[in-house]
Amino acid sequence: DIGTITMVGDVAKPGSFPFVANMTVQDVILQSGGLLESASLAKLDVSRRIRKQDTEHPSDTISQVFSFPIRDGLVVGAGSEFVLQPYDQIYVRRSPEYSPQRHVRVEGEVVFPGMYAMPVRGMRLSDAVKMAGGATAWAYVHGARLERAMNEEERSRLKAALSMVDAASDSLSIDKINT
């Protein structure tokens, strides 16, 4: 058993790769198709098993963690010469500032209905209406409503949360989520 190296996180093709002698983190980054745009360049972590086969006493320590900065998709500094061992695991984190573009659709009695890019997190419904030129004279603003589409991950989390709530006491039901 020569072992594997596991790459996890924001890379093109995360997974396990066969261990090769003198393998570096850069080698695995290349095998995994490179870093995604969302990858943090602040640090990359390598977790290494602790193997103490000759000890008589168990230890709380189960791995060593090494952290290295990344530049231009490659590990820099001392990490560029870091040699991997079988069963090492490499973690590429998502940048805390990364957010894909999001948009909202404004429909109804506004001056310019359509799609609008969300410029900031926490955008309010009133901000979207302003971006659309404001409400027309025929709009009934008190009847406005917000519809939020859920992706599969959000739907699964909500289903799990609702399954723990008494269905009779909640206005939402799992059946309504599936539609």
Before giving the answer on side-chain contact (heavy atoms from CB on, under 4.5 Å), spell out for Ile90 and Asp45 the whole-Å C-alpha distance, their side-chain angles and the decisive distance to 0.1 Å. CA-CA 6 Å; Ile90 304 167; Asp45 296 323; over 6 Å; no
If you look at every heavy atom in [X] and [Y], which pair is closest and at what distance?
X	Y	answer
Met7	Val92	SD-CG2, 3.9 Å
Val106	Ala132	CG1-CB, 3.8 Å
Ser99	Arg121	CB-NH2, 3.6 Å
Ser40	Ile70	O-CD1, 3.8 Å
Asn22	Asp27	O-OD2, 4.0 Å
Gly3	Pro86	CA-CB, 4.2 Å

Do [X] and [Y] share a hydrophobic cluster, counting only Ile, Leu, Val, Met, Phe, Trp and Tyr and linking them when any side-chain heavy atoms are less than 4.5 Å apart?
X	Y	answer
Phe17	Val46	yes
Val129	Phe112	yes
Met123	Tyr116	yes
Met118	Tyr98	no
Ile29	Phe66	yes

Could you check if a side-chain atom of [X] sits within less than 4.5 angstrom of a side-chain atom of [Y], using non-hydrogen atoms only?
X	Y	answer
Met131	Pro119	yes
Phe68	Lys43	no
Gln31	Met23	yes
Phe19	Thr4	no
Val110	Pro113	yes
Thr24	Phe82	no
Met115	Val104	no
Leu41	Leu35	yes

Nearest 0.5 Å, what's the CZ-CD distance between Arg157 and Glu152?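 Those atoms lie 12.0 Å apart.
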Separation of Tyr87 OH from Gln85 CD (nearest 0.5 Å):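 Answer for the CD-OH pair, Gln85 versus Tyr87, is 12.5 Å.
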So that I can tick it off, tell me whether Arg155 and Glu153 are bridged by a salt bridge, with the cut-off set at under 4.0 angstrom between side-chain N and carboxylate O.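 A salt bridge is absent here (no side-chain N lies under 4.0 Å from a carboxylate O).
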Quick one, Ser63 with Arg49, criterion side-chain contact (heavy atoms from CB on, under 4.5 Å). Give me CA distance, side-chain angles, the key distance, then yes/no. CA-CA 5 Å; Ser63 68; Arg49 286 183 184 179; 5.9 Å; no
Could you walk me through whether Arg93 and Leu44 pass side-chain contact (heavy atoms from CB on, under 4.5 Å), step by step? CA-CA 7 Å; Arg93 309 291 178 200; Leu44 165 145; over 6 Å; no
Test side-chain hydrogen bond (donor to acceptor under 3.5 Å, both in side chains) applied to Gln89 and Tyr91, step by step: CA-CA 7 Å; Gln89 296 179 345; Tyr91 301 88; 2.6 Å; yes
Are Val11 and Val28 close enough, and set up right, to give a side-chain contact (heavy atoms from CB on, under 4.5 Å), and what steps lead you there? CA-CA 10 Å; Val11 293; Val28 182; over 6 Å; no
